[in-house]
Q: 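Provided herewith is a single structure, encoded as structure tokens, for subsequent inquiry.
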Amino acid sequence: MNKEAIRQQIVDTANRRYATKKYDPHKHIDPTDWQTILEAGRLSPSSFGYEPWKFILINSPQVKEDIRPFAWGVANSLNGADKLLLILARTDVTYDSDYVRGLVEGLHHHQFSPDSKASQSFKHFQERDMAINNDRERFDWASKQTYIAMANMMTAAAELDIDSCPLEGFNYQKMNDYLTTHGIIDPKHWRASVMVSFGYRDQPIKPKVRQPLDQIYEELN
């Protein structure tokens with residue numbers, strides 16, 4: 001495939017991706033395609049490579065019914081999407097946390113020290129550059145990164161002719177309370193960040209309406 005064909009494919013995929021409001025409940029995603037979508041999320045970039053996310057596939061009909069009363073924006077997906085994914089964000093990613101130590105030592109096989117140049121660089125970034133100093137601010141920082149993973153999964157799905165919809169329409173306090181009460185999360189480490197559904201649309205794709213590029217892009221020379 002030449003460069004021009006690749007460019008056109010990228011634009012075609014962007015137009016193919018559509019926030020699906022009505023799914024066909026009778027169509028199901030091939031397991032291999034689903035694993036590919038998950039890989040796109042797993043391989044997404046994150047600040048300092050600390051991957052502050054977790055993906056939870058909600059298969060349980062009971063859980064779906066339990067969350068329905070406080071997840072108004074998820075209703076259409078509950079009614080037909082093949083996959084409903086909850087993405088969690090960590091609240092405890094700090095330069096000296098057990099989580100970061102585990103990544104550095106267990107995943108990257110490097111010696112860890114909170115006094116190392118890398119650890120202190122991350123400390124400076126969080127506390128001074130980003131002014132992050134509490135669990136809520138750490139969650140907000142981590143949550144932003146989960147959207148990168150979600151966007152990559154949605155693009156991968158569009159490449160596979162699979163539809164999707166990002167979902168923020170739920171009461172976050174009630175969702176976190178539910179997840180905590182049912183032992184799905186430990187609130188010391190996790191909170192709900194966003195949800196996303198996948199499946200096959202039962203509606204036509206509407207042409208995208210977006211601002212022209214010259215209104216959202218400029219160059220500083």
Side-chain angles (χ1 to χ4, degrees), residues 35 37-60 63-64 66-67 70-71 73-74 83-154 156 164 166-198:
Q35 288 303 310
I37 292 169
L38 290 175
E39 277 294 281
R42 186 181 73 87
L43 295 172
S44 295
S46 60
S47 183
F48 283 75
Y50 285 159
E51 306 171 46
W53 50 55
K54 185 174 183 180
F55 311 126
I56 297 182
L57 180 62
I58 302 177
N59 285 326
S60 167
V63 172
K64 291 179 179 180
D66 287 347
I67 68 174
F70 53 82
V74 186
K83 307 290 185 186
L84 180 62
L85 195 69
L86 169 65
I87 304 180
L88 306 178
R90 294 198 72 103
T91 65
D92 60 347
V93 182
T94 63
Y95 78 100
D96 58 352
S97 65
D98 290 339
Y99 174 72
V100 169
R101 177 186 291 273
L103 283 179
V104 172
E105 294 181 342
L107 184 62
H108 298 287
H109 306 295
H110 296 314
Q111 185 175 0
F112 175 82
S113 169
D115 298 320
S116 69
K117 183 177 180 180
S119 294
Q120 288 299 305
S121 176
F122 183 53
K123 182 177 187 291
H124 186 282
F125 163 75
Q126 275 198 320
E127 297 179 4
R128 296 191 182 184
D129 295 337
M130 299 292 289
I132 296 171
N133 294 293
N134 57 54
D135 285 351
R136 174 64 203 216
E137 291 169 350
R138 280 186 284 273
F139 165 78
D140 288 343
W141 166 79
S143 182
K144 292 175 184 176
Q145 295 169 69
T146 68
Y147 282 66
I148 300 173
M150 179 178 68
N152 284 343
M153 285 189 278
M154 293 171 66
S164 63
L167 304 164
E168 291 181 318
F170 56 92
N171 184 295
Y172 280 74
Q173 185 61 57
K174 290 182 179 179
M175 179 67 76
N176 284 313
D177 289 345
Y178 177 85
L179 297 172
T180 299
T181 300
H182 288 78
I184 299 169
I185 66 169
D186 180 344
K188 294 180 181 178
H189 304 296
W190 298 103
R191 289 181 193 159
S193 176
V194 67
M195 301 177 80
V196 56
S197 58
F198 298 90

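Note that this is a predicted model, so its numbers are computed, not measured.
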Q: A side-chain contact here means heavy atoms from C-beta on lying under 4.5 Å apart; do Asp129 and His124 qualify?
A: yes
Q: Are Val100 and Tyr95 packed together at the side-chain level, in the sense that at least one heavy-atom pair is separated by less than 4.5 angstrom?
A: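 No - every pair of side-chain heavy atoms lies 4.5 Å or more apart.
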Q: Ignoring hydrogens and geometry, is there a side-chain-to-backbone donor-acceptor pair from Ser116 to Ser113 under 3.5 Å?
A: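 Yes, the answer is positive, given that a donor and an acceptor are paired below the 3.5 Å cut-off.
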Q: For residues Ser47 and Phe125, report the shortest heavy-atom separation together with the two atoms involved.
A: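 Smallest interatomic distance, heavy atoms only, reads OG-CE2, 3.6 Å.
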Q: List the atom of Asn152, the atom of Ser44, and the distance in Å for their closest heavy-atom pair.
A: ND2-OG, 2.9 Å
Q: Counting N and O atoms only, with roles assigned by atom type, does the side chain of Ser197 sit under 3.5 Å from a partner on the main chain of Leu84, one being a donor and the other an acceptor?
A: no
Q: For a quick test of reading the model, state the closest non-hydrogen atom pair linking Ile87 to Met150 and the distance between them.
A: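 Distance-wise, the nearest heavy atoms are CD1-CB, 3.9 Å.
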Q: Which heavy-atom pair separates Glu51 from Leu107 by the least distance, and what is that distance?
A: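 Taking every non-hydrogen atom into account, OE2-CD2, 3.8 Å.
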Q: If you look at every heavy atom in Arg42 and Trp53, which pair is closest and at what distance?
A: O-CZ2, 4.4 Å
Q: Apply the test salt bridge (Lys or Arg N to Asp or Glu O under 4.0 Å) to residues Arg138 and Asp135: give CA-CA distance (whole Å), side-chain angles for both, the deciding distance (0.1 Å), then the verdict.
A: CA-CA 5 Å; Arg138 280 186 284 273; Asp135 285 351; 2.9 Å; yes
Q: Do the side chains of Phe198 and Met153 get nearer than 4.5 Å, heavy atoms only?
A: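 A side-chain contact under 4.5 Å exists here.
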Q: Has the side chain of Thr180 got a donor or acceptor atom that lies under 3.5 Å from a matching backbone atom of Asn176?
A: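 It does hold such a pair.
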Q: What closest approach, in Å, do Tyr147 and Ser143 show between heavy atoms, and which atom pair accounts for it?
A: CD1-O, 3.1 Å
Q: Using the rule side chain to side chain contact (heavy atoms under 4.5 Å, CB included), only one of Val196, Leu179, Val194, Leu57 pairs with Leu86; which is it?
A: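 With Leu86 as partner, side chain to side chain contact (heavy atoms under 4.5 Å, CB included) holds for just one option, Leu179.
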Q: Please say which of Met175, Gln173, Arg90, Arg136 ends up in a side chain to side chain contact (heavy atoms under 4.5 Å, CB included) with Arg191.
A: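 Per the side chain to side chain contact (heavy atoms under 4.5 Å, CB included) rule, the option paired with Arg191 is Arg136, out of Met175, Gln173, Arg90, Arg136.
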Q: Which pairs count as ring-ring contact (aromatic ring centres under 6.0 Å, His included) when at least one residue sits in residues 170-194, sequence neighbours excluded?
A: Phe170-Tyr172, Tyr178-His182
